[in-house]
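Read through the structure below, which is laid out as structure tokens, and then see the notes.
For this chain, numbers begin at 1 and follow the sequence in order.
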Amino acid sequence: MPNDSCRCYTKLIFCGYDVGNVTTIPPNVTMADPEEDATIIKPRAFITNRRTECSMKTDPHALKHGNCAAYRRLRRDLIDTYAEKDPLLNEKIRRYRKKLLLEMGLIGNNTRGVSEWKFVGLARRKYRRKWLNIGKVVSACREKFTRHKIACLTVDVEESRSPEEQLLMHRSLHALIGVHGAQMTQGVLLPGHGHVLELLPWVPHYLWGGWVARTHAPTPLGIVYHGTDLNHVGYPLGRESVPLCTHVDPSEEELDRECLMN
């Protein structure tokens, strides 16, 4: 991508997109009806779409009734495209869920009740905005919820072997939890009425980037999910989520700032 202001995975993930209609079908696009116009979704380095402007408002009425349909259409088009391309997709999702349960030792090979389970994925990333104690959280989640037939697991798109695996990885989930970041955009692939919990990083007031932690208006990820059938909520993390300068009393703001900035 020529613009390095947004770094996308080379696999199944997007940052922003343009939508256009063409009457001449590109040679690498297959259409069921060649006479129909094609809708082309092209990736871009950032999100600028007039249809999402109402999501930036803070008025609850505007957020609820605003005409923010761009990402709802994108979600619908993505899922419809995958379903049409692969008629066996639902069966693959069922097998993928069974594989997860077998790997966690929650069912036996002859178990058929896979549909009774709900799957909660905790998104892991190796670099920026790392979830430091994700292993402990997954263990605690399993200890508390396995008896209710809720399977807790880590989701790491960087370790997937193919775009299809990333698709199955997210279509198999009922809920996705993760720290704010680009990897959370793949929540658009969750099944209908799925849940997305965005952990909002602590950002000191004297640093740029407080918009990733706001709760009075949608975060950039909230804009993506606004108007869809997915349930998105944000949970702001506190100062204790950053294990730096722990020897400094947080109430001593100047000392804390000096330590963090150095």
ask   = Who pairs with E91 by side-chain contact (heavy atoms from CB on, under 4.5 Å), at least two apart in sequence or on another chain?
value = R94, R95
query = Quick one: side chain to side chain donor-acceptor pair (under 3.5 Å) partners of E165, sequence neighbours excluded?
reply = R161
message = Using the side chain to side chain donor-acceptor pair (under 3.5 Å) criterion, which residues pair with E116? Sequence neighbours excluded.
response = K149
task = Mind checking side chain to side chain donor-acceptor pair (under 3.5 Å) for N231 and listing every partner two or more places apart, or none if nothing turns up?
result = none
inquiry  = With a 3.5 Å distance limit and no angle check, can you tell me whether H180 reaches the backbone of L199 through a side-chain donor-acceptor pair?
reply    = no
key: Polar side-chain atom of R239 near backbone of V242 as donor-acceptor pair, under 3.5 Å   = yes
inquiry  = With clusters defined by side-chain heavy atoms of hydrophobic residues (ILVMFWY) lying less than 4.5 Å apart, directly or transitively, does V233 cluster with V120?
reply    = yes
key: Inter- and intrachain pairs under disulfide bond (SG atoms under 2.5 Å apart), touching residues 201-262, at least two apart   = C245-C259
hydrophobic_cluster_shared for L197 and V138, side chain cutoff 4.5 Å = yes
inquiry  = Quick test of your reading: applying disulfide bond (SG atoms under 2.5 Å apart), list the pairs with at least one residue in residues 99-217, sequence neighbours left out, ordered by first then second residue.
reply    = C141-C152
message = For the CG atom of L100 and the CH2 atom of W117, what is their distance to the nearest 0.5 Å?
response = 11.5 Å
request  = Enter the distance from L167:CG to L89:CG here, rounded to the nearest 0.5 Å.
outcome  = 5.5 Å
key: Approximate separation, where rounding is to 0.5 Å, of I79 CD1 and R75 CZ   = 4.0 Å
query = Which residues satisfy the side-chain contact (heavy atoms from CB on, under 4.5 Å) test with K130, sequence neighbours excluded?
reply = L132
query = Are L207 and L237 linked, directly or through other ILVMFWY residues, by side chains that come within less than 4.5 angstrom of each other?
reply = no
task = Using a strict cut-off of less than 4.0 Å between a Lys/Arg side-chain nitrogen and an Asp/Glu carboxylate oxygen, indicate whether D156 and R125 qualify as a salt bridge.
result = no
query = Can you list every ring-ring contact (aromatic ring centres under 6.0 Å, His included) pair that touches residues 230-262, not counting sequence neighbours?
reply = Y225-H232
key: Of all pairs that satisfy disulfide bond (SG atoms under 2.5 Å apart), the ones with a partner from residues 172-223, not counting sequence neighbours   = none
query = So with a 6.0 Å cut-off around NE2 of H148, is the heavy-atom count from everything else above 12?
reply = yes
Contacts of type side chain to side chain donor-acceptor pair (under 3.5 Å), residue E103, not counting sequence neighbours = K99
ask   = Hey, does the side chain of S172 reach the backbone of M169 with a donor-acceptor pair shorter than 3.5 angstrom?
value = no
query = Do E198 and T219 come close enough that some side-chain heavy atom pair is under 4.5 Å?
reply = yes
query = Is a donor on one side and an acceptor on the other found under 3.5 Å between the side chain of R171 and the backbone of L189?
reply = yes
Of all pairs that satisfy side chain to side chain donor-acceptor pair (under 3.5 Å), the ones with a partner from residues 131-144, not counting sequence neighbours = W131-N133
ask   = Counting N and O atoms only, with roles assigned by atom type, does the side chain of S160 sit under 3.5 Å from a partner on the main chain of V157, one being a donor and the other an acceptor?
value = yes
Joint hydrophobic cluster, L102 plus V114, side-chain heavy atoms closer than 4.5 Å = yes
request  = State plainly whether one hydrophobic cluster holds both L122 and Y96, where clusters connect Ile, Leu, Val, Met, Phe, Trp and Tyr through side-chain heavy atoms under 4.5 angstrom apart.
outcome  = no
Residues E159, R124: salt bridge by 4.0 Å N-O rule = yes
request  = Can you sort out the partners of T81 under side-chain contact (heavy atoms from CB on, under 4.5 Å), two or more places apart, ordered by chain and number?
outcome  = none
